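Step one of this worksheet: look at the structure below.
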Amino acid sequence: MAFSSPRGRTQSSLSEINITPFVDVVLVLLIIFMLTAPILESGLVMETPKTKTVRHVSREKVVITIDKDKNYYVGNDMVNIHLLGQTVQKRLDGAMNQPVYIRCVGNVNFGTFVQVVDALKQANLTNLNIVTEPLETKSAGS
């Protein structure tokens with residue numbers, strides 16, 4: 001619709017939406033998320049044993065990690081083996097039937113693993129699970 005102005009000019013209303021600024025903002029946010037995502041993905045990285053039966057662990061679960069130097073971690077925090085049960089109990093916040101996941105590098109000896117299980121059993125934690133990686137199998141077509 002045209003409007004007349006005092007000088008005889010006509011103005012028309014803009015009926016199209018300019019999405020260029022919106023696209024610019026979305027692209028900037030995408031770049032920011034792409035750059036910060038690897039930083040947010042922190043944690044201990046290690047190679048775990050491979051098995052055919054694998055269950056994925058979410059981040060909210062309590063995960064105990066044993067590294068190659070026999071250091072013990074609850075989440076990302078290093079813990080003394082004597083305080084392991086007490087630390088896990090605090091993380092579970094009274095929900096003693098919640099699962100606790102144990103993961104270790106492939107070359108950790110069985111005695112070290114048993115010490116962790118024993119420390120957790122002494123703290124009355126019984127829902128213990130072992131974290132592994134999927135075993136790579138050859139497909140029939142290969």
Side-chain angles (χ1 to χ4, degrees), residues 1-5 7 9-142:
M1 177 171 211
F3 298 101
S4 62
S5 67
R7 296 184 184 158
R9 295 184 187 165
T10 60
Q11 296 178 348
S12 62
S13 64
L14 182 62
S15 63
E16 296 179 17
I17 298 174
N18 188 359
I19 63 166
T20 304
F22 174 72
V23 172
D24 290 343
V25 169
V26 169
L27 289 175
V28 168
L29 288 174
L30 178 65
I31 291 171
I32 290 171
F33 286 126
M34 287 173 55
L35 293 175
T36 58
I39 296 169
L40 297 176
E41 184 87 17
S42 63
L44 299 173
V45 178
M46 59 181 53
E47 187 174 323
T48 56
K50 298 183 183 326
T51 60
K52 289 183 181 179
T53 307
V54 176
R55 199 169 166 193
H56 293 283
V57 179
S58 67
R59 295 183 186 274
E60 296 83 30
K61 304 296 181 185
V62 176
V63 179
I64 299 168
T65 306
I66 310 167
D67 70 3
K68 63 182 177 182
D69 299 323
K70 296 183 183 178
N71 295 320
Y72 307 98
Y73 296 88
V74 177
N76 291 333
D77 303 324
M78 187 183 290
V79 177
N80 186 322
I81 186 68
H82 303 294
L83 300 175
L84 185 63
Q86 181 181 1
T87 304
V88 172
Q89 283 179 336
K90 286 180 185 176
R91 291 275 174 104
L92 291 175
D93 197 28
M96 302 300 279
N97 58 349
Q98 290 286 332
V100 176
Y101 295 91
I102 305 170
R103 72 177 186 160
C104 58
V105 294
N107 60 356
V108 169
N109 65 25
F110 186 67
T112 305
F113 177 79
V114 170
Q115 285 179 338
V116 170
V117 172
D118 184 50
L120 296 173
K121 294 279 185 178
Q122 288 179 8
N124 295 324
L125 300 168
T126 56
N127 192 355
L128 306 178
N129 298 288
I130 301 169
V131 177
T132 60
E133 290 184 18
L135 183 64
E136 296 175 9
T137 59
K138 294 182 181 178
S139 62
S142 297

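It should be emphasised that the depicted structure is a prediction, and the values quoted were computed from it without experimental measurement. Values below: all heavy atoms of this structure, side chains included; hydrogens, waters and symmetry mates excluded.
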field: Close side-chain approach of I64 and Y73, heavy atoms under 4.5 Å
entry: no
message: Does any part of the side chain of V100, heavy atoms only, come nearer than 4.5 Å to the side chain of N127, both counted from C-beta?
response: no
field: Minimum side-chain heavy-atom gap V63-R91 below 4.5 Å
entry: no
query: Looking at side-chain heavy atoms only, is the closest gap between D67 and Y72 below 4.5 Å?
result: no
query: Can you find a heavy atom in the side chain of L128 that is under 4.5 Å from one in the side chain of V116?
result: no
- prompt: Does I19 CD1 have over 12 foreign heavy atoms under 6.0 Å away?
  reply: no
field: Side chain T112, main chain V108, donor-acceptor under 3.5 Å
entry: no
Interatomic spacing from CG in L84 to CD in Q89 - rounded to 0.5 Å: 10.0 Å
field: Pairwise distance NZ(K121) to OG1(T126) - rounded to 0.5 angstrom
entry: 6.0 Å
Distance (rounded to the nearest 0.5 Å) between T87 OG1 and N80 CG: 8.5 Å
message: Under a 3.5 Å distance rule, please check whether R103 uses its side chain to pair with a backbone N or O of I66 as donor and acceptor.
response: no
query: Side chain of N18, backbone of T20: donor and acceptor closer than 3.5 Å?
result: yes
message: Testing L29, L35, V28 one by one against I31 for a side-chain contact (heavy atoms from CB on, under 4.5 Å), which residue passes?
response: L35
message: So which atom in G85 and which in L125 form the shortest heavy-atom distance, rounded to 0.1 Å?
response: O-CD1, 4.4 Å
- request: Could you give me the CA-CA distance, side-chain angles and deciding distance for V117 and I102, then say whether side-chain contact (heavy atoms from CB on, under 4.5 Å) is met?
  value: CA-CA 9 Å; V117 172; I102 305 170; 3.9 Å; yes
Beyond-backbone contact of K70 with N109, side-chain heavy atoms, under 4.5 angstrom: yes
- prompt: Rounded to the nearest 0.5 Å, how far apart are CD of Q122 and CD of Q86?
  reply: 12.5 Å
